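Being a predicted model, the structure only gives us computed values, none of them experimental. Atoms within each ligand, like the ligands themselves, are counted from 1 in listed order. One is the number of the first residue; the rest follow in order along the sequence.
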Amino acid sequence: MNYRKKFFVEPGSKVRLNDVDPSFTGKHESADEAREAIAKDCDRLAHLQYRLYAENRRSLLVVLQAPDAAGKDGTVRHVFGSLNPQGATAHAFKVPTAEEAAHDFLWRAHKVTPARGSIAIFNRSYYEDVLVTRVHDLVPKDAIPKRFDRIAEFEKNLQQAGTQILKFYLHISADEQLRRFQQRLEDPNRQWKISESDYSERPYWNDYRKAYEDALEHTSTERSPWYVIPANHKWFRNLAVARIVTETLDEMDLQFPAPTVDIEEMRAKFHAAEGEPAGKA
Ligand code: ATP
Ligand code: MG
């Protein structure tokens, strides 16, 4: 199945998250059965990162947005965990600090966009500024459509500098979220993850849905696509994200740069060195 086609938010199309099955797994039946496919994609991702780094011309920005407990952290760990840390960064966007809040909303994001040759993963992002801020009326209503425009310009600017952007909305059901909250409560290794906001945001579930639908609808483009990833099954979420990222990098046709030296000349030097001990006589 072509996940890039299936989960892509067509630019300008109405998004209805309630119509997307968060438990979808396609032809795959279980985590066990999908394990090999996921491992293969993650492996391929590591190879492609090597090429991206070597080419040193373009970069990749991955944006992860989702409700609490939908698996942003898990996606970073499972899908991107095999990347070479030299050439990859992950950045979590929290409530803005005083310094961040004193700047325009894109300032803190722009500083951590990926350098040439590297991959940046945003765990939450500048999209929070059209989501949480909208749900809690932290900005005037008419600021939101203006921010959609600013985001479109910002992303275009990055693209023109060689950055490929991929945006994933991890789609879970309200029931699945509650189940995961319960797991957090019962597992001593997960209790540290519980925050007040897990529960204080749940009453706003529908408002978030609406805010997400609007944001996806207004900011998905061919060059800077949003994908709605069914995420009730963690393994399927990993598979779909890994597949879309690897296929995108594949399509970028990343090239090793030409050597900066004359290889024949270097070969001759190598042979000369072979016959002589290192160090000065
Ligand atoms: P987890 O999924 O593990 O709970 P998290 O990403 O929710 O991780 P937290 O520290 O619990 O991490 O939450 C970060 C909070 O910061 C979120 O509630 C998010 O909405 C909020 N936040 C992020 N950006 C902004 C912003 N620009 N304005 C206001 N709040 C923001
Ligand atoms: Mg949280």
Side-chain angles (χ1 to χ4, degrees), residues 22 61-81 89-113 120-141 143-151 154-155 167-216 218-219 229 231-234 237-238 241:
L61 170 61
V62 176
V63 169
L64 299 175
Q65 284 288 158
D68 285 307
K72 298 183 300 297
D73 288 341
T75 306
V76 174
R77 200 167 60 249
H78 291 287
V79 178
F80 301 101
T89 53
H91 194 87
F93 288 78
K94 307 285 184 184
V95 176
T97 62
E99 190 189 21
E100 288 169 348
H103 288 80
D104 73 273
F105 76 99
L106 292 164
W107 180 75
R108 65 174 179 163
H110 206 165
K111 288 195 299 185
V112 288
T113 51
I121 301 135
F122 284 4
N123 183 339
R124 301 188 190 268
S125 66
Y126 45 92
Y127 280 96
E128 289 294 320
D129 293 277
V130 293
L131 296 163
V132 64
T133 52
R134 171 177 180 165
V135 168
H136 292 291
D137 291 320
L138 304 178
V139 291
K141 279 207 166 24
I144 300 299
K146 289 182 193 153
R147 286 185 172 192
F148 289 153
D149 292 344
R150 294 295 83 73
I151 287 175
F154 175 66
E155 292 183 345
K167 303 174 289 195
F168 296 99
Y169 172 69
L170 310 180
H171 179 51
I172 59 164
S173 61
D175 288 350
E176 176 62 19
Q177 186 189 54
L178 207 56
R179 214 180 57 76
R180 294 185 187 184
F181 285 172
Q182 188 182 9
Q183 275 180 346
R184 287 183 176 182
L185 282 172
E186 284 165 12
D187 180 349
N189 292 344
R190 295 184 202 214
Q191 284 170 352
W192 68 273
K193 284 196 156 212
I194 302 171
S195 66
E196 285 286 342
S197 72
D198 289 356
Y199 295 92
S200 61
E201 294 307 287
R202 248 181 95 81
Y204 298 99
W205 181 269
N206 289 329
D207 297 340
Y208 271 107
R209 275 266 148 115
K210 174 83 188 73
Y212 267 113
E213 287 176 344
D214 241 28
L216 267 51
H218 285 95
T219 59
I229 304 295
N232 272 4
H233 297 284
K234 296 174 180 174
R237 171 202 76 206
N238 293 340
V241 173

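At a heavy-atom cutoff of 4.0 Å, ligand 1 is contacted by no atom of A92, backbone or side chain.
Proximity to D68 (heavy-atom distance under 4.0 Å) selects the following atoms of ligand 1: 4 (O), 7 (O). Ligand 1 places these atoms under 4.0 Å from at least one heavy atom of F93: 23 (C). Atoms of ligand 1 found under 4.0 Å from any heavy atom of V95 (numbered from 1 in listed order, with element): 16 (O), 21 (C), 22 (N), 23 (C), 31 (C). Within the listing of ligand 1, atoms 2 (O), 6 (O) sit less than 4.0 angstrom from a heavy atom of K72. Ligand-side atoms of ligand 1 in range of D129: 27 (N), range being under 4.0 angstrom from any heavy atom. Listed by number with element, the atoms of ligand 1 under 4.0 angstrom from any heavy atom of D73 are 3 (O).
Residues R180 and E176 are paired through a salt bridge, judged by an N-O separation under 4.0 Å between the basic side chain and the carboxylate.
Between the side chain of Y212 and the backbone N or O of A66 there is at least one donor-acceptor pair closer than 3.5 Å. For the pair H218 (side chain) and D214 (backbone), a donor-acceptor distance under 3.5 Å is present. Not one N or O on the side chain of K167 forms a donor-acceptor pair closer than 3.5 Å with the backbone of Y127.
Summarising the contacts of atom 24 (N) of ligand 1 with R108, E100, R124, the nearest heavy atom is found in R108. The nearest non-hydrogen atom to atom 31 (C) of ligand 1, considering only V135, V132, L131, L64, comes from V132.
Not a single N or O atom of T133, backbone or side chain, sits closer than 3.5 Å to an N or O atom of ligand 1. Residue K94 has at least one N or O atom closer than 3.5 Å to an N or O atom of ligand 1.
Using cut-offs of 30° and 60° on the angle between ring planes, the pair F154 and H110 is perpendicular. Between H171 and Y169, the two ring planes are tilted [angle within 30° to 60°].
The cationic group of R147 lies under 6.0 Å from the six-membered ring centre of F105 and within 45° of the ring axis, placing it in a cation-pi geometry.
Within the model, atoms NE2 of H136 and CG of L131 stand 11.0 Å from one another, a figure rounded to the nearest 0.5 Å.
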